[in-house]
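To start, the structure itself, in structure tokens.
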Amino acid sequence: STMAEYNFLGVEVYKPGVGQLLNRATVAGLENIRVFCDDAVTVLHQCIPNHSLSKVLLFFPDPWHKKKHHKRRLVQAPFVQDIRTKLMVGGSFHMATDWQPYAEHMLAIMEAAKGFSNSQGAGQYAAEPDFRPNTKFQRRAENKKHGIWDLIYHYYE
């Protein structure tokens, strides 16, 4: 399957990032992209019908490095269950981060999450899939010699 067969819905709070994405999509002639400039939790709750998504992709979210800010991390048990209600059965939730403590946090949250199974087997990270786009954040991480961690989980009933 090609990416043209999918409809993409982006969610980003950073306005310049949204503008850049829309500009690049227009230049590339892409017509299968829609974007919300809003908080992901709000969009999930108010705009996405249940069991309507085949995939949820969360690439390089803010790791909130400081301990006192860890509660702001997007990947938390309630958010993961919000994702589950929006995924079709058999759908996937794919995360990627270059911050090892966040990768470990994601893994712990997902391994405990009801209704999800790890595509690689319990407690395992996924190899970087060739379909994940290489982002500015990924290139920056590689320049700093950071590792990159992918986690891919499937929703089952």
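Side-chain atoms are counted along with the backbone in the values below, which use heavy atoms only and exclude waters and symmetry mates.
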Measuring from [X]:[atom1] to [Y]:[atom2], what's the distance to the nearest 0.5 Å?
X: E5; Y: N32; atom1: CD; atom2: CG; result: 10.5 Å
X: L74; Y: I83; atom1: CG; atom2: CD1; result: 7.5 Å
X: Q100; Y: D98; atom1: CD; atom2: CG; result: 11.0 Å
X: K67; Y: K71; atom1: NZ; atom2: NZ; result: 10.5 Å
X: Y102; Y: W149; atom1: OH; atom2: CH2; result: 14.0 Å
X: R140; Y: K144; atom1: CZ; atom2: NZ; result: 6.5 Å

Any donor and acceptor pair, going by atom type alone, linking the side chain of [X] with main-chain N or O of [Y] inside 3.5 Å?
X: H70; Y: H65; result: yes
X: Q81; Y: K114; result: yes
X: K86; Y: I48; result: yes
X: E111; Y: G123; result: yes
X: R139; Y: N134; result: yes
X: Y6; Y: K55; result: no
X: E12; Y: Y14; result: yes

Exercise for review: Using a 4.5 Å cut-off on heavy atoms from C-beta on, say whether the side chain of D150 contacts that of Y125.
Suggested key: no
Side chain to side chain contact (heavy atoms under 4.5 Å, CB included), that's the test. Do H51 and Y155 meet it? Break it down for me. CA-CA 10 Å; H51 309 298; Y155 161 53; 3.7 Å; yes
Step-by-step side chain to side chain contact (heavy atoms under 4.5 Å, CB included) determination, V35 to I33 | CA-CA 7 Å; V35 187; I33 296 174; 3.9 Å; yes
Exercise: identify the closest heavy-atom pair between [X] and [Y]:
X: R132; Y: A96; value: NE-CB, 3.7 Å
X: V56; Y: L53; value: CG2-CD1, 3.7 Å
X: I152; Y: H94; value: CG1-CD2, 3.5 Å
X: L151; Y: Y153; value: CB-CE1, 3.9 Å
X: D38; Y: V11; value: O-CG1, 3.5 Å
X: S92; Y: L87; value: O-CD2, 3.6 Å

Quiz item: Passes side chain to side chain contact (heavy atoms under 4.5 Å, CB included), L21 versus V18? Steps please.
Solution: CA-CA 5 Å; L21 169 63; V18 171; 5.7 Å; no
**Asked** Under 3.5 Å, is there a donor-acceptor pair linking the side chains of Q124 and N118?
**Response** no
* Please assess T97 against I148 for the test side chain to side chain contact (heavy atoms under 4.5 Å, CB included), listing each intermediate value before the final yes or no. => CA-CA 6 Å; T97 183; I148 307 245; over 6 Å; no
The single option from H105, M106, R73, E104 that satisfies side-chain contact (heavy atoms from CB on, under 4.5 Å) with W99 is R73
Linking I/L/V/M/F/W/Y whenever any side-chain heavy atoms sit under 4.5 Å apart, do [X] and [Y] land together?
X: L44; Y: I109; value: yes
X: F36; Y: L58; value: yes
X: V13; Y: L57; value: no
X: W64; Y: V80; value: no

Requested in this report: Give a yes/no verdict on a cation-pi contact between R84 and F93, requiring under 6.0 Å between NZ or CZ and the six-membered ring centre and an angle within 45° of the axis.
Outcome: no
